[in-house]
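Report on the following structure.
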Amino acid sequence: MASLPKAGPDQAFQEHVADGRLWLQYCDDCGEAVFMPRILCPHCSSLSLEWRPVSGRGTVHTLTVLHRRSRPGEPEKINHAIVLVDLDEGPRMMSHLPGTAPEDIRIGMRVRARFEGEDGARAVVFDREEGAA
Ligand SMILES: [Zn+2]
């Protein structure tokens, strides 16, 4: 496996994302997927965590819409939704759906991860999965 010897788990996750890869830690002992990145398995306290690619598919667990107050002269309020996505592999991830209007986001909606941003400054965001309820 490609190792990142000196990097902490958070940094390793970010380096994978920077390369356009959504990888999560998996526990060698209990088999659970782990997120946020950490040293110790939260399920069984094992130290044997290894990085593996994941599907990037998941379901919206909950969302919070942030309303930005418009100032005089500004056309309209900008709403921004923060979502918690339950990945198919188990872990829950906080992100947003930049391509979907907040009022169109539904709990239970199927979503798919993609990477937004430039090389070296990418972030994981989600899109509504086409053809899914
Ligand atoms: Zn474990």
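Since the structure is predicted, the reported quantities are computational estimates derived from the model, not experimental observations. Just follow the structure's listing: the first ligand is 1, and inside any ligand the first atom is 1.
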| message | Show, in sequence, the C-alpha distance, side-chain angles and deciding distance for C27 and H43, and conclude whether the side chain to side chain contact (heavy atoms under 4.5 Å, CB included) test is met. | response | CA-CA 9 Å; C27 177; H43 307 287; 5.9 Å; no

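- In this view, R112 satisfies the salt bridge (Lys or Arg N to Asp or Glu O under 4.0 Å) rule with no residue, not counting sequence neighbours.
- Evaluation of the side-chain hydrogen bond (donor to acceptor under 3.5 Å, both in side chains) rule for R106 yields no partner, not counting sequence neighbours.
- For the Zn ion (ligand 1), protein N, O or S atoms closer than 2.8 Å were enumerated as C27 SG, C30 SG, C41 SG, C44 SG, with waters left out.
- Here R57 pairs with E129 under the salt bridge (Lys or Arg N to Asp or Glu O under 4.0 Å) rule; sequence neighbours left out.
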| Can you check side chain to side chain contact (heavy atoms under 4.5 Å, CB included) on L24 and V34, steps first, answer last? | CA-CA 6 Å; L24 296 183; V34 176; over 6 Å; no

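- For the 3.5 Å distance criterion, the side chains of R128 and T100 fail to qualify, holding no donor opposite an acceptor.
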